[in-house]
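Chain A is the first sequence line, chain B the second, and so forth, proteins listed ahead of strands; every chain is numbered from 1.
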2 protein chains.
Amino acid sequence: MGVMAKRRENVLPVEAKIPEEKVSKEQAILEAAEQEFLDKGLEAAKTTTIASSAGVTHAMLHYYYRTKENLFDKIFEMKVSLLKDSLFTSFDNPGMPFLEKMQCGIESHFDFIRAHPGLPRFVINELLFKPKRLKLFESKIKKGVDCVIAKISEDMEEEVRKGTVNRIDPATLIIDVVSLNVFVFVAMPLLRTFAFEPYGTEDAFFEARKKENVEIMMRRLKK
Amino acid sequence: MGVMAKRRENVLPVEAKIPEEKVSKEQAILEAAEQEFLDKGLEAAKTTTIASSAGVTHAMLHYYYRTKENLFDKIFEMKVSLLKDSLFTSFDNPGMPFLEKMQCGIESHFDFIRAHPGLPRFVINELLFKPKRLKLFESKIKKGVDCVIAKISEDMEEEVRKGTVNRIDPATLIIDVVSLNVFVFVAMPLLRTFAFEPYGTEDAFFEARKKENVEIMMRRLKK
DNA sequence: ATTATCTATAGATCTATAGATAATGC
DNA sequence: ATTATCTATAGATCTATAGATAATGC
């Protein structure tokens with residue numbers, strides 16, 4: 001164990017002169033790991049596979065990241081903070097009418113997942129169904145979630161008074177949106193066969209889905 | 001390889017006298033395997049773990065099922081035929097008005113997943129994202145899916161003529177329903193923290209979700 | 001001096017089978 | 001005779017580290 005103290009600290013270099021090779025190897029491992037972990041999950045992923053697809057010897061992976069778990073944690077942290085950011089930027093558009101706010105939120109949430117199509121499966125397998133990591137995640141987002149819900153509730157109440165919107169439990173509303181937005185990305189391989197054809201391109205299909213999701217939710221909300 | 005011929009055939013005994021112990025061991029392995037494979041997937045599941053949680057020696061697992069893949073395939077087949085059945089029973093209620101048919105379909109599809117809450121994740125990981133198995137599955141359901149879509153299309157067209165229903169692409173409609181119905185089950189661990197409390201019991205929560213999903217889709221469909 | 005890199009290998013784990021023995025069914 | 005069961009172990013794979021050597025930065 002004593003030898004570990006010699007290990008290089010994993011701090012990203014921020015100086016002017018970035019040693020090309022050095023960054024590139026460490027980074028290559030991280031990127032290969034991301035791919036492998038998102039695809040297979042912690043247990044099924046192999047450090048040997050990661051190393052070889054990063055084009056480095058296997059020992060290098062352990063030199064930079066010491067253990068498989070450690071490397072995984074790095075990826076996990078990245079994904080969690082990504083999730084957190086999306087949650088609080090998508091549904092935070094102050095000074096907009098409620099329904100517009102909802103539409104914006106749905107669309108930007110959809111676009112976020114579109115930009116990270118592998119994320120839902122990773123979250124399901126490595127976060128939701130691993131109690132230890134789930135607890136960690138929950139404690140990190142609890143406050144933010146309560147805040148988002150409170151805001152939606154407040155806005156909605158105002159519209160309800162005006163008689164323009166149906167009252168729905170905000171948590172139910174969020175589950176509706178997330179269900180509709182997330183599902184297509186985990187079902188994508190099947191949809192490619194059964195639903196893509198009429199649209200021609202993936203992009204056209206996804207745009208149509210986004211529109212459909214907004215449409216559904218507007219009909220759900222509007223009086 | 002020659003020794004394999006001696007292996008007992010895996011045919012479920014249908015005679016009157018069921019040898020208690022015998023069935024019980026083979027079955028115990030199958031059940032433990034189901035649990036392990038649904039939870040961890042093919043690669044991360046271990047035959048040693050399966051054997052020990054079935055309460056048999058490791059060698060017995062290989063005696064009855066020869067290889068890990070073989071055992072997995074048994075579980076996989078079971079789940080695929082379960083899926084197939086659900087698809088064609090949920091959305092096949094002849095002689096009902098269209099909207100009632102949809103409501104019944106949504107509810108029985110929801111109840112099916114409720115009865116098999118681990119299935120969605122298994123399908124996502126072991127079916128949708130494993131091209132070989134996906135191809136096999138697609139070829140098995142292609143005809144049925146086309147048939148269901150054709151029927152929905154026909155029924156809907158009639159209502160559209162009567163002016164009672166909005167025209168929607170049937171595939172889009174199905175994706176809407178499945179998205180709403182499936183998502184809560186994969187997100188369950190998180191929802192337990194953020195959405196269960198107001199409902200008291202899991203059952204109450206799920207009943208509310210089912211109702212919400214029907215509500216959403218009726219509003220989407222009704223003119 | 002410190003950091004990066006490689007080769008070799010220890011040690012753990014896992015799949016699968018061989019080979020011996022006990023139980024069961026004619 | 002066939003089926004079921006166990007112990008022991010071969011062989012593969014995987015994580016992790018030791019130890020040697022090359023490259024880099026004062």
[X], nearest nucleotide to its side chain (from [options]):
X        : options                  : answer
Met60(A) : dT17(D), dA4(C), dC14(C) : dA4(C)
Ala59(A) : dT5(D), dA18(D), dA16(D) : dA18(D)
His58(A) : dA16(D), dT7(D), dC6(C)  : dA16(D)
Lys68(B) : dC6(C), dT15(C), dT5(C)  : dT15(C)
Lys46(B) : dA16(D), dC14(C), dT7(C) : dC14(C)
Thr48(A) : dT15(D), dA4(D), dA16(D) : dT15(D)
Thr47(A) : dA4(C), dT15(D), dT15(C) : dT15(D)

Please report the distance, rounded to the nearest Å, between [atom1] in [X] and [atom2] in [N].
X        : N       : atom1 : atom2 : answer
Leu71(B) : dC14(C) : CG    : P     : 16 Å
Ile29(B) : dA4(D)  : CD1   : P     : 11 Å
Glu43(A) : dC14(D) : CD    : P     : 15 Å
Tyr65(B) : dT5(D)  : OH    : P     : 12 Å
His62(A) : dA4(C)  : NE2   : C1'   : 16 Å
Asn70(B) : dT15(C) : CG    : C1'   : 14 Å
Glu69(B) : dA16(C) : CD    : P     : 7 Å
Tyr63(A) : dT21(D) : OH    : P     : 18 Å

Do the non-hydrogen side-chain atoms of [X] and [Y] ever get within less than 4.5 Å of each other?
X         : Y         : result
Val184(A) : Arg114(A) : no
Ile50(B)  : Phe37(B)  : yes
Glu215(B) : Arg220(A) : yes
Asn213(A) : Val177(A) : no

side-chain N/O Thr57(A) vs dT5(C) OP1/OP2, d < 4.0 Å: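 Negative; the distance criterion is not met.
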Can you tell me the pairing partner of dT5(D) across any strand shown, Watson-Crick or G-U wobble, with both distances under 3.5 angstrom?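 Because both required distances fall under 3.5 Å, dT5(D) counts as paired with dA20(C).
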Over all strands shown, is Ala45(B) touching base, sugar-phosphate only, or nothing at heavy-atom distances under 4.0 angstrom?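 Touches sugar-phosphate only.
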Does Arg121(B) make a cation-pi contact with Phe129(A) (under 6.0 Å, within 45 degrees of the axis)?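 Yes - Arg121(B) lies over the ring of Phe129(A), closer than 6.0 Å to its centre and within 45° of its axis.
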